[in-house]
Amino acid sequence: MKVETLHPWPATPGEAEEIQQKLRPLLDLDSPGPAAPRTVAGLDVAYEKGTDRLAAAVVVLDAATLQPLEESVVIGAAAFPYVPGLFAFRELPALVEALKKLTVTPDLLVCDGHGLAHPRRFGLACHLGVLTGLPSLGVAKTHLLGSHEPVGERRGSSADLRHEGQVVGRVLRTQDGVRPVYVSVGHRIGLENACRQVLALSPRYRLPETTRRADRLSRRALEQRGSR
DNA sequence: GCGACAG
DNA sequence: ATCTTGTCGC
């Protein structure tokens, strides 16, 4: 698939923040998003212990059956130091390369990290949404920004994530009794729909099948590249 | 000034 | 993210 050319790469955290501020206005936060996407892509990255080597993976699933339709992996290097709020700059180049190799264009991108629930409202999911032009959402395993009321123990229970009076995402329980995940919109999708999609993608485990599959693929690729 | 801080 | 054994629970 086609992906927007990567903007000039930031050399400092300050420059990285400028890029986020500049791209932020390009977000479409009004579209409800696809009601019944046919294909959904999961993205994730695995890192090698001591080095800066990484493997970025994308797995496209049939949204109805959750069966994999296409996979793409690329070995690369972390493109930026880890700084909370600038996390996307580590994985973006490798993820973009992996996306470019896809022969199909997914209807939705499910990213591993936050979207709008970000210090400058421009997390990884937003960034990837703008670069690809595709609907995107973020599913994070831990909190970054915002506060919320307690979430019910049953699957499907949720609570709005609010920050400075704005709803930036939703804390969603995807299975009975498990820790909830943090869902936030990235681009061209509404929070309501985003949560629906995440639940549909998580029939059995805490994390959506999309990210679970991408996670496995990225680690496999890393260890294979490491055992030679 | 003291925590919090996606992966 | 990654480093790591046993252990609690269905």
Practice task
For the residue pair Gln197(A) and Pro37(A), establish whether any side-chain heavy-atom pair is separated by less than 4.5 Å.
Solution key: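 Yes. Closest side-chain heavy atoms under 4.5 Å.
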Handout entry: Side-chain heavy atoms of Leu207(A) within contact of Thr174(A), under 4.5 Å
Key =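 In short, these two side chains do not touch, never coming nearer than 4.5 Å.
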Side-chain ([X]) to main-chain ([Y]) donor-acceptor, under 3.5 angstrom:
X	Y	result
Asn193(A)	Pro32(A)	yes
Ser72(A)	Ala98(A)	yes
Arg38(A)	Asp107(A)	no

Completion exercise
Partner of Thr132(A) under side-chain contact (heavy atoms from CB on, under 4.5 Å), picked from Lys2(A), Glu4(A), Lys100(A), Met1(A), is Met1(A)
Problem - Residue of the set Leu99(A), Leu95(A), Val96(A) for which side-chain contact (heavy atoms from CB on, under 4.5 Å) holds with Leu131(A) - result: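 Exactly one candidate clears the test, Val96(A).
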Practice task
Give one of base, sugar-phosphate or nothing for Arg53(A), where a contact means two heavy atoms less than 4.0 Å apart.
Solution key: nothing
Handout entry: Reference residue Asp112(A); test salt bridge (charged side-chain N to carboxylate O under 4.0 Å, His left out); the match among Arg212(A), Arg90(A), Lys141(A)
Key = Lys141(A)
Exercise for the section: Walk along DNA chain C from 5' to 3' and tell me the first and last nucleotide with an atom closer than 4.0 Å to a non-hydrogen atom of chain A. Expected result: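 With heavy atoms of chain A under 4.0 Å away, the range is dA1(C) to dT2(C).
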Exercise for the section: Scan residues 54-78 of chain A for pairs that pass salt bridge (charged side-chain N to carboxylate O under 4.0 Å, His left out), counting only residues two or more places apart or in two chains. Expected result: none
Problem - Secondary-structure notation, DNA chain B, from Watson-Crick and G-U pairs under 3.5 angstrom (| other strand) - result: .......
Handout entry: Centroid-centroid distance, His127(A) to Phe89(A), less than 6.0 Å
Key = yes
Handout entry: Stem list, DNA chain C (Watson-Crick or G-U pairing under 3.5 Å, at least 3 consecutive pairs)
Key =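 None - DNA chain C has no stem of 3 or more consecutive pairs.
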Find every protein N or O atom lying less than 3.5 Å from an N or O atom of nucleotides 3-6 of chain B, and list the pairs.
| residue | atom | partner | partner atom | Å |
| --- | --- | --- | --- | --- |
| dA6(B) | OP2 | Tyr82(A) | OH | 2.1 |
| dA6(B) | O4' | His114(A) | ND1 | 3.2 |
| dA6(B) | O3' | Thr142(A) | OG1 | 3.4 |
| dA6(B) | N7 | Gly85(A) | N | 3.1 |
| dA6(B) | N6 | Gly85(A) | O | 3.1 |
| dA6(B) | N6 | His118(A) | NE2 | 3.2 |
| dA6(B) | N1 | Leu124(A) | N | 3.2 |
| dA6(B) | N3 | His114(A) | N | 3.0 |

Practice task
Scan for ring-ring contact (aromatic ring centres under 6.0 Å, His included) pairs involving residues 20-39 of chain A, sequence neighbours excluded, and state none if there are none.
Solution key: none
Exercise for the section: For the pair Glu209(A) and Arg204(A), find out whether any cationic side-chain nitrogen is under 4.0 Å from an anionic carboxylate oxygen. Expected result: no
